[in-house]
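Data first, discussion second: the structure below is written as structure tokens.
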Amino acid sequence: MATHSDVFLQFAQAFPEPLVQPHAWLLAKRLQEGHICISLDTDPQLASGSPAGAYPSTQQLADRPQWIGNAGTTAPFILHRNRLYLHRYFQYETAILGHIHRLLNAEIATRSDKMDALLQHLNLISSLEADYPLQNLPPELCADWSLAAVIMACLQHFTILTGGPGTGKTTTVAKILWVHYTLQPNCRIALAAPTGKAATRMADSLQSTTLPLPDPIRNKLQQLQPVTLHRLLGAKQDDIYFRHNENNPLPYDLVIVDECSMIDVALFAKLLSAIGSSTRILLLGDKNQLASVEAGSLFGDLCSQTDAINTFSSDTQNFINQFIPTPGRSLPNSASASPHPLAEHIIELQYSHRFSSLSGIGRLSDAILHNRTTILDEFLLNNNRGEVSITSSDSDSDLNTFIDGYEAYIREPDIYQALQLFQQQRILCAMREGKGGLAECNQLAESRLKKNNCLQPDTPFYENRPIIITRNNKELELVNGDVGIVRTIQGTKKLWLDAGNGQVRGISVQYIQHAETVFAMTIHKSQGSEYNRVLIRMPNHPDIPILTRELLYTAVTRAKQQAIIMSSELVLKATAAGSVQRASGITHRMDEL
């Protein structure tokens with residue numbers, strides 16, 4: 001059987017020039033790992049050989065222009081700023097920079113008029129000020145970055161809003177929509193996300209906002225229907241191109257895209273190409289979450305520009321502070337101007353309404369993100385089994401106790417209430433297969449609940465089986481990530497799903513395909529979700545490439561009340577020490593903006 005290396009070697013040997021084959025092999029390997037280029041300065045593989053032979057020097061590569069071209073040329077590979085790309089991925093990256101540059105320039109001409117329009121609604125915008133207490137908070141947490149984002153999203157054509165769980169990204173979006181509809185009642189707005197489930201969550205969050213919206217504004221928000229990016233752009237069957245592109249831009253005044261960390265480089269380029277110069281785009285996401293499954297980590301790359309985050313010119317800072325009535329919430333002087341081309345365009349929300357930085361989950365997630373080994377040791381030593389619990393990776397008692405928590409939904413006769421109870425907890429797995437993997441955890445849950453006389457998992461659609469949909473189905477109005485419960489009601493066995501507004505809908509199980517049991521799910525699949533309690537199963541060995549701090553951070557921050565981590569100390573610390581490192585040229589090409 002061919003190995004992965006053989007596949008990469010076959011790709012490399014498709015090029016008749018032996019000199020380029022070693023780098024072609026490495027580039028194919030790195031693309032499979034999520035990189036979009038090779039850094040000829042830092043890639044560790046270049047210090048050793050490849051199955052295709054020894055690596056030639058950079059100068060030798062440059063001497064083969066028919067194979068290795070420069071920016072603006074046509075060749076299978078592009079060498080730019082000592083990074084080697086496949087031509088297609090260089091074009092994607094260049095297109096992204098070009099479209100951002102175009103949008104930054106387009107906003108200049110209208111900025112003054114938009115500032116005047118915002119001042120005419122000063123009272124409304126000031127009423128949207130944050131209301132959390134300021135006692136004992138540092139200046140960066142006191143500052144009302146949410147209101148700053150509202151204002152900048154109205155002034156700019158390209159804005160990024162990032163923040164961790166519970167920092168109020170959706171509430172900020174609701175405020176932005178309120179102001180946009182006030183300024184322009186017929187404003188055409190599109191909401192989108194990379195997956196159907198993420199789009200559904202976006203809709204649910206907006207429709208359940210607690211903001212005191214006027215009825216006309218609330219009605220407009222309820223009429224908005226978030227869609228997947230592929231649907232927004234107009235996917236064509238068996239075609240990599242979309243109906244909407246730079247020649248046929250999207251017909252909206254504002255496009256808001258959630259969960260942007262999940263968007264790969266190719267889709268990112270195609271999205272920005274479809275944003276016309278008169279359209280504003282707002283990109284949302286948590287910069288610390290997992291990157292896309294496919295190549296690229298564009299959202300994280302853009303948000304890594306630390307000198308551009310929460311920085312404003314003195315004029316912009318003074319303009320924003322006019323709308324913030326409480327002096328303690330004004331933007332601090334530390335938010336001074338930056339020469340970075342994306343300054344004022346990246347705003348990070350920093351105050352978490354879900355858990356404070358002093359809470360167990362808040363402290364643990366911060367320790368994971370920044371590899372604070374002292375705090376990790378503290379959690380390992382003082383394991384009080386409260387908000388955070390770290391236990392052995394082989395602790396059957398902890399796993400069984402957690403699984404027993406699923407009995408609540410099984411014993412609840414009302415299907416709507418059962419769905420709500422099921423969504424209160426989840427087992428999250430780093431891997432699909434192997435010890436502690438998805439398959440094993442689902443099997444253990446079924447066996448435990450069968451032993452407890454709660455389930456009889458003897459048929460594919462057994463009673464009370466929890467199911468997650470794994471592929472979109474337009475005819476059944478099912479999207480990848482939908483979760484439901486199998487139950488027989490009035491003699492018919494159906495998959496029951498939450499239809500919103502306290503309602504449920506049922507689909508006969510004979511129509512259900514592309515579905516899995518979901519007592520456990522992968523951490524990747526859990527992105528964007530939240531549960532009261534999560535149990536995180538980690539592998540027994542640390543030498544697994546996917547084990548990174550971003551993976552563990554994503555898992556821990558799915559929990560609102562309790563996070564239980566089943567892991568050895570070795571695996572936990574190795575995971576916190578590892579980080580997603582995807583080579584790209586975005587951060588090194590910002591001067592091209």
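When a residue number appears, it is its place in the shown sequence, counting from 1.
Listed for the Ser508 side chain is no donor-acceptor partner under 3.5 Å among the backbone atoms of Tyr511. Side chain of Arg505 to backbone of Leu497: no donor-acceptor contact under 3.5 angstrom is found.
Between Phe8 and Phe11, the distance separating the two ring centers is not shorter than 6.0 angstrom. Ring pair Tyr132/Tyr351: centre-to-centre distance below 6.0 Å.
Closest of all the heavy-atom pairs between Ala408 and Leu421 is O-CD1, 3.6 Å. Closest non-hydrogen pair, Leu161 versus Leu349, comes out as CD1-CG, 3.7 Å. Of all heavy-atom pairs between Ser261 and Gln289, the closest is OG-CB, 4.1 Å. Shown here for Arg487 and Tyr409, the closest heavy-atom pair between the two residues is NH2-O, 2.8 Å. In plain terms, the two heavy atoms of Asp398 and Leu535 that are nearest each other are O-CD1, 4.0 Å.
Heavy atoms of other residues, nucleotides or ligands lying less than 6.0 angstrom from CD of Glu477 number 12 at most. No more than 12 heavy atoms of other residues, nucleotides or ligands lie within 6.0 Å of CD in Gln443, so this atom counts as exposed by the packing criterion. Other residues, nucleotides and ligands contribute only 12 or fewer heavy atoms inside 6.0 Å of the CZ atom of Arg231.
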### Message
Applying side-chain hydrogen bond (donor to acceptor under 3.5 Å, both in side chains) to Tyr553 and Asp286, what does each step give before you reach the verdict?
### Response
CA-CA 11 Å; Tyr553 166 85; Asp286 183 346; 2.9 Å; yes

### Task
Kindly indicate, with the supporting measurements, whether the criterion side-chain hydrogen bond (donor to acceptor under 3.5 Å, both in side chains) is fulfilled by Arg83 and His588.
CA-CA 10 Å; Arg83 284 172 171 75; His588 305 275; 2.7 Å; yes

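None of Gln562, Arg533, Gln561 except one satisfies the side chain to side chain donor-acceptor pair (under 3.5 Å) rule with Gln425; the exception is Arg533.
Relative to the six-membered ring of Phe461, Arg465 meets both conditions, a distance below 6.0 Å and an angle of at most 45° to the axis.
Side-chain atoms of Asn288 and Glu550 form no donor-acceptor pair, as typed in the model, at a separation below 3.5 Å.
Under a 4.0 Å N-O distance rule, the pair Glu93/Arg88 does not qualify as a salt bridge. One finds a salt bridge joining Glu33 and Lys29 here, because a Lys/Arg side-chain nitrogen approaches an Asp/Glu carboxylate oxygen to under 4.0 Å.
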